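First up is the structure itself, then whatever we jot down about it.
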2 protein chains.
Amino acid sequence: MESVAERAGVSRATASRVVNGGAGVRAELREKVRLAVDELGYVPNLAARTLVTRRNGAVAVVVAEPESRLFSDPFFAQHLRGISRELSAADNQMLLLLIEDQRDYDRVGRYLAGGHVDGVLLFSLHHADPMPETARRVGLPFVVGGRPGWPGAESERDLVYVDSDNRGGARLAVQHLRSLGRRRIATITGPLDQTSSLDRLDGYRDLLPDGDPDLIAEGDFTPDGGGRAMAELLARCPDLDAVFAGSDAMASGALKVLREAGRRVPEDVAVVGFDDVESIAAWTDPPLTTVRQDIEEMGRLMARLLLRRLADPTTSATRVAAPTSVITPTHLVIRASA
Amino acid sequence: MESVAERAGVSRATASRVVNGGAGVRAELREKVRLAVDELGYVPNLAARTLVTRRNGAVAVVVAEPESRLFSDPFFAQHLRGISRELSAADNQMLLLLIEDQRDYDRVGRYLAGGHVDGVLLFSLHHADPMPETARRVGLPFVVGGRPGWPGAESERDLVYVDSDNRGGARLAVQHLRSLGRRRIATITGPLDQTSSLDRLDGYRDLLPDGDPDLIAEGDFTPDGGGRAMAELLARCPDLDAVFAGSDAMASGALKVLREAGRRVPEDVAVVGFDDVESIAAWTDPPLTTVRQDIEEMGRLMARLLLRRLADPTTSATRVAAPTSVITPTHLVIRASA
DNA sequence: CTGAAAGCGCTAACAC
DNA sequence: GTGTTAGCGCTTTCAG
C-alpha cells in the first residue's frame, strides 16, 4: 500500500480510503489510486486489516455430526450450498469446521476463541451439545440449524434458530397414508436425541393418539438403520400396511427390506419419506412419496439471520427488533410409493 | 498478553515464548506463565500472529463444480472428510470455497491473494480451469484432486495431484463383464471434459479396441444423466447385454431406465458402476457391482502432500525429493448387478 | 478533503 | 535465559 500511495502521489491514508470504498475522496484522486492499485496488482493484507478493524469477513459453520449420516445424506450438502450462496453474496467467507470426536470440540473452541470469524452457524446439535455455550462464552453471535431446545434446557431459550415444520410435515405424511385407507401405520424415527426426530414423531402421534407403540421403531437417519428398523417392525407387526420414515435415506433402507420380505410397495405397504432429497427420493424403486422441506432455503435463512446480527450490533440492551427464529413450511410430494 | 506477562512477572517476549511451545524458558517461569494464561483465559489473537509470521494455519479447499453433481453425489463429502481429518491432525483449519459461477472465480481469487491461507487444495478441475494459474500467480502451494492434464496443457505439467487409477479400474469392470460372457458391453461416460471420465473411457477401450462406437454414451455423473444415456443406448443398440457406468450415481439412473424398459438386471443386462459410494451402491435394486476407489484416502493424501510442501519450503531451486503426484489403486466390489 | 501519527497484538532479532 | 526494541500492513482519529 505504501507503494500504491506513492505511485498515486497521495498518502497511505488516502489510499486506504479509496481501497475501502473511497468515500470522502476527490474523484480525481480516487481514479489515480484505483489505477495504481491495478497496475501494481495490489491486494490488501487481510490479517493487518483484521487486526485493526476486528472484523474478518468470515463466518464459521460448525457441523457436529459424528454419525456417518453426514456423508451419506445430501441433506447436509444442500444446506451448505444455501449458506455459501447467501454468505458470498455479502462477500463473506464460509469456514467449515467439522467435529468428529470429543477432541474436536476443544480444537474448534480454540479456533472460535482465536477471533478468526465474526459469527457462527451451528448444525446438527444433539442433546446437551456444548457448542452454543462455547459460542456464547467467546462472545460470537450464532444461529442454529434445527430447533435446539430440549425440555428443561433453560439457557437455550432465547437463541435464534431455523427449522422446518417437522411436526406439520409428519402430520401431512400420516394424513396422506390415512386418506389412502391405511389403518396400521408404522413409523421409523430418527435418533431420538434430536429435536427433528422428536418433532416428526410428535406429528405422527398427533394423528394417531391411541396408536400401537409397537408400530414405532427408532432408526439413525441412515439407510442401514432404516432397514434394521423396518425389519423390527415387520417382526413385531406383520400386519402393518404403511410406514412413515423420518428421512428419505431411512425410507430407502426400509424399501429394500420390504422388497426382500416380499411385500409390494405401495400395494401391500405404502411408504412415505421425509426431506425430498432428489438424489434419493426420485431414484428409489418405486420413487418415494415424501415430505418436502426446502433445505437450501433453510441454509440461506440461517446465513441471512446471522449476517443481520453482524451488521446491526444490537446488544442485549437496545434490542428493538432482534432477529428471531424462523420455521419454514413443509409439503407433500407424491410419487409412487404411497 | 500484556496482562499475562505482568501477572506472571515476566516480559511479553517470555510470555510469547511459552505460548508458542516454551522452548528455552526456565521450567519454573513456564509454569507461572501457563497459570496466568489459564487464569486470565487468554487466547492469542491469530490476526496479529499471522501479521508477523506470515502463516495462517489454514488451507483453502476450492471446489469448482457448477454442476448439481456436487450436491447429489456423496463422493465430494467423503473427499472432504479425508482432507479435514488430515488437516486437523496437523492443527490446520480447512476453509471451503465453493465456485458456482464465473463471478466466483474472482471472489475466490481475491480471497486467496488476500493471504488468508497457506495453501490450496483444488478439485473437480474442468478443461482450462483458471484456478491452478491463479494459485500459482498468488504464490500459494497447491495440490490438485484428479489428474488435471489435458493434451497440450504445457503449463500444467509439473503440478502435484492425487488421482485414482481410473483407467485400471475401468479395465477391471469390463474384464469382469467379459468373464461373465457378455459380448455387447456398452458404457456410460462422465462429462468428457474431465480427465476421470476420459481415463475410464480409455480403460474401457483398452479391452474393446474394436468396439462399436454406438455403445458409448455420454452422461454427466448424475442419476438423471445416467438414465438419459441409458435410454439412448437402448434405442441405438437394443441387443446390448452389459453396461459399465462411469459412476454409481449414473448407474442408479441407468438401473431405473432398464427396469422401466423391462430388462432384468443382471439376467438381461449386467451393470457395473464406479466409485463404490456406499449410500448408492449398496442400496440400489439390485445392489451394484462397482469399482471401488478409496475416496477418503485420496482426500487424506491430498492434504498430506500439501502439508509436506508447507513444512518444507523447497523452492524450485533445491528440490531434492519434492512431493510428487500419487495414483491410488482401484478394485472391483462384486454385488448383485453383475 | 487530505496527511501525519498512533496504534491493533504479536513475534523475532538482538542485546543483556 | 530473559527483557528490549522494532516492526508486520493497515485503519483511523485528529489536525490542517
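Keep in mind that this is a model prediction, so the values were computed, not measured. Lettering of chains follows the sequences in order, A, B, ..., and the numbering in each one begins at 1.
Nucleotide dC8(D) holds its C1' atom 14 Å from the CG atom of Leu46(A), rounded to whole Å. Rounded to whole Å, the distance from NZ on Lys32(A) to P on dT2(C) is 10 Å. Between the CZ atom of Arg54(B) and the P atom of dT11(C) there is a distance of 15 Å, given to the nearest Å. Whole-Å rounding puts the Asn45(A) CG to dG9(D) C1' distance at 6 Å. One atom, CG of Asn56(A), and another, P of dG9(D), lie 19 Å apart when rounded to the nearest Å. The separation between Arg30(A) atom CZ and dC1(C) atom P is 9 Å, rounded to whole Å. Taking atom CD on Glu6(A) and atom P on dG9(D), their separation rounds to 15 Å, with Å as the unit. Between Arg17(B) atom CZ and dT5(D) atom P the separation is 14 Å, expressed in whole Å.
Contact annotation for Val19(A): no contact, since no heavy-atom pair falls under 4.0 Å across all strands. Val25(A) comes within 4.0 angstrom of sugar-phosphate atoms only, judged by non-hydrogen atoms across all strands, and of no base.
Here the OG1 atom belonging to Thr324(B) is positioned 8.0 Å from the CG atom belonging to Leu305(B), to the nearest 0.5 angstrom. Separation of atoms CD (Glu2(A)) and OG (Ser11(A)) is listed at 10.0 Å; rounding is to 0.5 Å. Atom-to-atom distance recorded for Arg34(B):CZ and Glu39(B):CD is 14.5 Å, nearest 0.5 angstrom.
For the OP1/OP2 pair of dG1(D) and a distance below 4.0 Å, the side-chain nitrogens and oxygens of Arg26(B) include no atom meeting the criterion. Between Ser16(B) and dT11(C) there is a side-chain polar atom (N or O) within less than 4.0 angstrom of OP1 or OP2. The side chain of Asn20(A) contributes an N or O atom lying less than 4.0 Å from OP1 or OP2 of dT11(D).
Place Leu29(A) and Arg12(A) on DNA chain C by their nearest nucleotides, and Leu29(A) ends up nearer the 5' end. The residue among Ala48(B) and Gly9(B) whose nearest nucleotide of DNA chain D lies closer to the 5′ end is Gly9(B). When each of Val52(B) and Ala13(B) is assigned the nucleotide of DNA chain D with its nearest heavy atom, Ala13(B) is the one assigned upstream, toward the 5' end.
Each of dG3(C), dT2(D), dT11(D) was ranked by its minimum atom distance to the side chain of Thr14(B); first place goes to dT2(D). In the set dC10(C), dG1(D), dG9(D), the nucleotide with an atom closest to the side chain of Leu51(B) is dG9(D). Closest approach to the Pro44(B) side chain among dT11(D), dC10(C), dG3(C) is made by dC10(C) (side chain taken as heavy atoms from C-beta onward).
Test Asp129(A), Val63(A), Asp104(A) against Ile99(A) for side-chain contact (heavy atoms from CB on, under 4.5 Å) and you get one pass: Asp104(A).
Side-chain contact, Asp91(B) with Tyr111(A): no donor N or O sits under 3.5 Å from an acceptor N or O.
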